[in-house]
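Lettering of chains follows the sequences in order, A, B, ..., and the numbering in each one begins at 1. Keep in mind the model is a prediction, meaning the values are calculated, not measured.
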Number of protein chains: 2
Amino acid sequence: MTIDNQKRATLSQKLRFLDQADDPFSRDFFEKAVMTTLKKGQYVCHEGSSCSHLAILLDGTARVYKLGESGKEITLYRVGPGESCVLTASCILSEVPFPAIAVCETTVEAVVIPAGDVQKWLSESVTWRNYIFGLVATRLTNIINVVEDVAFRRMDKRIAEHLYKRTDSTSHLLLATHQEIASELGTSREVVSRILKEFELEAIIKVTRGAIELLDPKKLDQRRCEI
Amino acid sequence: MTIDNQKRATLSQKLRFLDQADDPFSRDFFEKAVMTTLKKGQYVCHEGSSCSHLAILLDGTARVYKLGESGKEITLYRVGPGESCVLTASCILSEVPFPAIAVCETTVEAVVIPAGDVQKWLSESVTWRNYIFGLVATRLTNIINVVEDVAFRRMDKRIAEHLYKRTDSTSHLLLATHQEIASELGTSREVVSRILKEFELEAIIKVTRGAIELLDPKKLDQRRCEI
DNA sequence: GCGATGTCTGTGACTAAGTCACACAGGGGT
DNA sequence: ACCCCTGTGTGACTTAGTCACAGACATCGC
């Protein structure tokens, strides 16, 4: 009882779409949802695997990326609290194999829904349909932005953008190796190193082993936005 | 009556998901669907436009592409008979603006469905849900393949692939300018010209103004598949 | 403290791709 | 014939990606 209530409280706090608690869908959701914890570095989906469950994150983030034959990587999008991996959803709903890899970047708290219920609720609940289609739409847009980035933008702008977005706003630090940034953007480590060195010469950042300190956010923003 | 029956026949022939004619959804579909013809070159959706109708193609093809600030283009996917543009679908269902451009490559016959019915049928018909999710899944996969291509593959392989896929199999001809191929792949005309010249020197193709003749399909296939 | 080891970063030389400017070719129109 | 427009070719240059290897730093055991 108490445990159940606590679970219910956590869920409705983290998943805004459950607001309407009197909805029969919500009741069913609370009943079927199973809470789990995934460790940092754990793989959620492998390339080509089919999915029997849909995970919705409550805490932490996961990175969904594509792995090239050469071993290069590129991030497609991230999944955060309240979100879920559309690729999983889409392969549940169409039985197409999962075309990418998902891995936990932090410890992840999530609820897991069996594929059958994912399907069933689509026919029963507007709330659920809206949630799922919202996911699909934002992910499609995400991935199209990646295409645009890779196809049209210069590497220095893309790196500037990445630093801008992912530097911690209080510590002004980004904890990442050059290789990690390269994998993020689908390029190679040397290229990242060289461009970071450029930025350092322009006094925009300070490069240290495993971390980048942002010295001049304004200049970085400029660099990011110029053509 | 006769017109109605003819429409019904055309639709159920072109749209396989209407097979189950006794389904109330199918009846509703026949009633609501409006047939239209779009001319070659006509734009279906502009960047950022919101969509009030979903078009399902019966004949012809449309190209969905992203336009960069510099004027460069890259094709995201094509829509053929029986298919529909997921981006339209996704923006109907989530009210996110359309993040790309869709244009008719040929004269296009299509049926048009009002957004409201697209929504309504999702709750009422498994057939329709499966159709829509099938679309979403294949498009997601398409676009992810574009990301993979752009991020990881060399230009000559990508051009070889493109020739391989889009050369007419009976005439051995591909009617396209170098600029068109460049827009397809998100690169620039000069690069395409140079690589086509290479292929010509290897006696794989013959380049003429506005057309490419395939001389050695086997060699092209090799070129396409090598690393 | 001292190496030993593994990870992370720097660099030079080279190839591939993209950009820019401009020349030239082919194929209609008039 | 001529012009004109579109399509193609080319050289010089910049930006990216690749390869091979050299250092630099951190951690651990000793």
N/O-N/O pairs, protein side and nucleotides 21-29 of chain C side, under 3.5 Å:
unit_1 : atom_1 : unit_2   : atom_2 : d
C:dG26 : N2     : B:Arg209 : NH2    : 3.4

Query raised in the report: In terms of side-chain heavy atoms of A:Ser193, which of D:dA16, C:dA17, C:dT9 is nearest?
Result: C:dT9

Requested in this report: Measure from CE on A:Met155 to C1' on D:dT14 and round the result to the nearest Å.
Outcome: 16 Å

Query raised in the report: Just one of B:Lys219, B:Arg223, B:Arg224 clears the salt bridge (charged side-chain N to carboxylate O under 4.0 Å, His left out) bar with B:Asp221, so which one?
Result: B:Arg224

Query raised in the report: Under 3.5 Å, side chain of A:Thr106 to main-chain N/O of A:Thr61, donor-acceptor pair present?
Result: yes

**Report entry** Residue met sooner reading DNA chain C from 5', once A:Arg154 and A:Glu200 are mapped to nucleotides
**Finding:** A:Glu200

Requested in this report: May I ask you to verify if any side-chain N or O of A:Lys197 is less than 4.0 angstrom from the OP1 or OP2 atom of C:dG10?
Outcome: yes

Query raised in the report: Does A:Lys72 have a side-chain nitrogen or oxygen under 4.0 Å from the phosphate oxygens OP1 or OP2 of D:dG17?
Result: no

Query - Whole-Å gap separating C1' (D:dT14) and CD (A:Glu198) - result: 12 Å

**Report entry** Whole-Å gap separating P (D:dT15) and CG (A:Leu185)
**Finding:** 18 Å

Query raised in the report: Expressed in angstrom and rounded to an integer, what is the separation of B:Phe152 atom CZ from D:dG17 atom P?
Result: 11 Å

Report task. For residues A:His46 and A:Leu67, determine if any side-chain heavy atom of one lies less than 4.5 Å from a side-chain heavy atom of the other. Result -> no

Query raised in the report: If only side-chain N and O atoms of B:His178 are considered, is one of them under 4.0 Å from the OP1 or OP2 phosphate oxygen of D:dT8?
Result: yes

Report task. Measure the distance from CZ on B:Arg158 to C1' on C:dA16 and round it to the nearest whole Å. Result -> 13 Å

Report summary line: From the list B:Arg158, B:Lys165, B:Lys157, salt bridge (charged side-chain N to carboxylate O under 4.0 Å, His left out) partner of B:Glu161 resolves to B:Lys165

Report summary line: 5'-most contact on DNA chain C (nearest-nucleotide basis), A:Val207 vs B:Gly186, goes to A:Val207

Query raised in the report: Which part of the nucleic acid does B:Thr177 contact within heavy-atom distance under 4.0 Å: base, sugar-phosphate only, or nothing?
Result: sugar-phosphate

Report task. Identify whether any heavy atom of B:Thr208 sits under 4.0 Å from a base atom; if not, whether one sits that close to sugar-phosphate; answer base, sugar-phosphate or nothing. Result -> sugar-phosphate

Query raised in the report: What does A:Lys157 touch in the nucleic acid at a heavy-atom separation under 4.0 angstrom: a base, only the sugar-phosphate, or nothing?
Result: nothing

Query raised in the report: Taking atom P of D:dG9 as reference, at what distance in whole Å does atom CD of B:Gln179 sit?
Result: 14 Å

Query raised in the report: Closer than 4.0 Å, any side-chain N/O of B:Ser188 to the OP1 or OP2 of C:dG18?
Result: no

**Report entry** Carboxylate-amine/guanidinium proximity below 4.0 Å for A:Arg166 and A:Glu184
**Finding:** no

Query - Validation row: B:Leu220, B:Asp216 side chains within 4.5 angstrom (heavy atoms) - result: no

Report task. Using whole Å, report how far CD1 of B:Ile195 lies from P of D:dT8. Result -> 15 Å

Requested in this report: Flag the pair A:Lys66 and A:Glu47 as a salt bridge only when some basic side-chain nitrogen lies within less than 4.0 angstrom of an acidic carboxylate oxygen.
Outcome: yes

Query raised in the report: Looking at side-chain heavy atoms only, is the closest gap between B:His172 and B:Lys206 below 4.5 Å?
Result: no

Report task. Rounded to the nearest angstrom, tell me the gap between atom CZ in A:Arg153 and atom P in C:dG18. Result -> 17 Å

**Report entry** Side-chain-base donor-acceptor pair under 3.5 Å for B:Arg194 and C:dT19
**Finding:** yes

